[in-house]
Amino acid sequence: MRTVLNVIWLILCGVWLAIGYVLAGIICCLLIVTIPFGLAAFRMADFALWPFGRSLVKRADAGAPSTIGNVIWIIFAGWWLALAHLTTAIALAITIIGIPLAWANLKLIPVSLVPLGRVIVDSDDVQARYPTVY
């Protein structure tokens, strides 16, 4: 079932959302200071292509630098990526088949706002290893 949902996701919205994240990553990698933001954007592009069966969890070693970076991210890139997720979720929720995809888009909004200090793991490993799931 995960594969079916991922293929539908990829066709309907995954490619477009991943392109948005890749563009944000390229722009962030233009300056040396913003390379960590670019790497986080590329990580999110990977997750946006194939989200079902994987989860994002907060890293245990994420501290104040991640928090400061996330505030900067929200101001410059996070808000428009979150808006893209919201717009896509509304469009997908119109059909019954699109409801699970819309729900997945809504779950990606918090991560699009604060991507630093997160890691992508398989959903099977989440409950055993990571107590706090985002």
Side-chain angles (χ1 to χ4, degrees):
M1 186 55 124
R2 289 179 187 172
T3 305
V4 171
L5 285 172
N6 277 321
V7 169
I8 294 170
W9 171 273
L10 184 68
I11 293 168
L12 294 179
C13 59
V15 172
W16 306 112
L17 293 173
I19 288 171
Y21 282 113
V22 167
L23 288 175
I26 290 170
I27 291 169
C28 289
C29 284
L30 292 176
L31 300 172
I32 294 173
V33 176
T34 57
I35 288 176
F37 300 111
L39 297 177
F42 293 139
R43 186 173 52 249
M44 291 305 303
D46 173 45
F47 187 68
L49 280 174
W50 206 257
F52 293 99
R54 301 191 301 173
S55 297
L56 282 159
V57 295
K58 188 173 183 179
R59 288 182 21 198
D61 61 347
S66 292
T67 304
I68 294 167
N70 281 328
V71 170
I72 295 168
W73 176 266
I74 289 170
I75 294 169
F76 292 107
W79 67 270
W80 65 267
L81 291 168
L83 185 62
H85 282 294
L86 181 63
T87 304
T88 307
I90 291 169
L92 287 169
I94 294 172
T95 65
I96 292 174
I97 286 181
I99 291 174
L101 304 175
W103 184 251
N105 257 309
L106 293 176
K107 287 174 40 176
L108 283 171
I109 289 175
V111 179
S112 69
L113 288 171
V114 286
L116 299 173
R118 306 285 188 267
V119 64
I120 301 170
V121 296
D122 284 335
S123 293
D124 300 333
D125 296 337
V126 172
Q127 298 301 327
R129 295 185 184 181
Y130 301 96
T132 308
V133 178
Y134 293 92

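We count residues from 1, following the sequence as given. Here the structure is a predicted model, which is why all the values come from computation and not from measurement. Computed from heavy atoms alone, side chains included, the values below leave out hydrogens, waters and symmetry copies.
Of the charged side-chain nitrogens involved, none lies within less than 4.0 Å of a carboxylate oxygen, so that Arg2 and Asp122 do not count as a salt-bridged pair.
Of all heavy-atom pairs spanning Gly38 and Cys28, the tightest one is N-CB, 3.4 Å. When all heavy atoms are compared, the tightest approach of Ala102 to Ala89 is CB-O, 3.3 Å. Annotation for Thr95 and Gly98: closest pair OG1-N, 3.1 Å, computed over non-hydrogen atoms. In terms of heavy-atom proximity, Ala82 sits nearest to Leu113 at CB-CD2, 3.8 Å. Nearest approach of Pro115 to Arg43, heavy atoms of both residues: O-NH2, 3.5 Å. Heavy atoms only, all atoms of each residue included: Val22 and Phe42 are closest at O-CE2, 3.7 Å.
A continuous path of ILVMFWY side-chain contacts below 4.5 Å connects Val71 to Phe76, so both sit in one hydrophobic cluster. The hydrophobic cluster containing Ile109 does not contain Leu49, counting ILVMFWY residues as joined when their side-chain heavy atoms lie under 4.5 angstrom apart, directly or transitively. Note: the hydrophobic cluster containing Val4 also contains Trp9 (ILVMFWY, side chain heavy atoms under 4.5 Å, direct or indirect links). No chain of hydrophobic side-chain contacts below 4.5 Å, direct or via other Ile, Leu, Val, Met, Phe, Trp or Tyr residues, connects Ile27 to Trp80. In this structure, Val114 is a member of the same hydrophobic cluster as Leu106, with clusters built from ILVMFWY side-chain heavy atoms closer than 4.5 Å.
Other residues, nucleotides and ligands contribute more than 12 heavy atoms inside 6.0 Å of the CD1 atom of Ile26. Residue Ile75 qualifies as enclosed at atom CD1: its count of foreign heavy atoms under 6.0 Å is above 12.
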Determine, stepwise, if the pair Leu101 / Phe52 fulfils side-chain contact (heavy atoms from CB on, under 4.5 Å). CA-CA 9 Å; Leu101 304 175; Phe52 293 99; 3.7 Å; yes

I'd like to know whether Leu10 forms a side-chain contact (heavy atoms from CB on, under 4.5 Å) with Val15, so could you lay out the CA-CA distance, the side-chain angles of the two residues, the decisive distance to 0.1 Å, and finally the verdict. CA-CA 6 Å; Leu10 184 68; Val15 172; 3.9 Å; yes

Met44 and Leu56: CA distance, side-chain angles, deciding distance, side-chain contact (heavy atoms from CB on, under 4.5 Å) verdict: CA-CA 9 Å; Met44 291 305 303; Leu56 282 159; 3.8 Å; yes

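When each of Ile90, Thr87, Leu86, Leu92 is checked for a side-chain contact (heavy atoms from CB on, under 4.5 Å) with Asn105, only Leu92 meets the rule.
Of the inter-residue distances, the one linking Leu81 atom CG with Ile74 atom CD1 reads 11.5 Å to the nearest 0.5 angstrom.
With sequence neighbours excluded, the residues satisfying side chain to side chain contact (heavy atoms under 4.5 Å, CB included) with Val7 are Thr3, Ile11, Trp50.
The aromatic rings of Trp73 and Phe37 sit parallel, their planes meeting at an angle under 30°, below the 60° perpendicular limit.
Asn6 places a side-chain heavy atom less than 4.5 Å from the side chain of Pro51.
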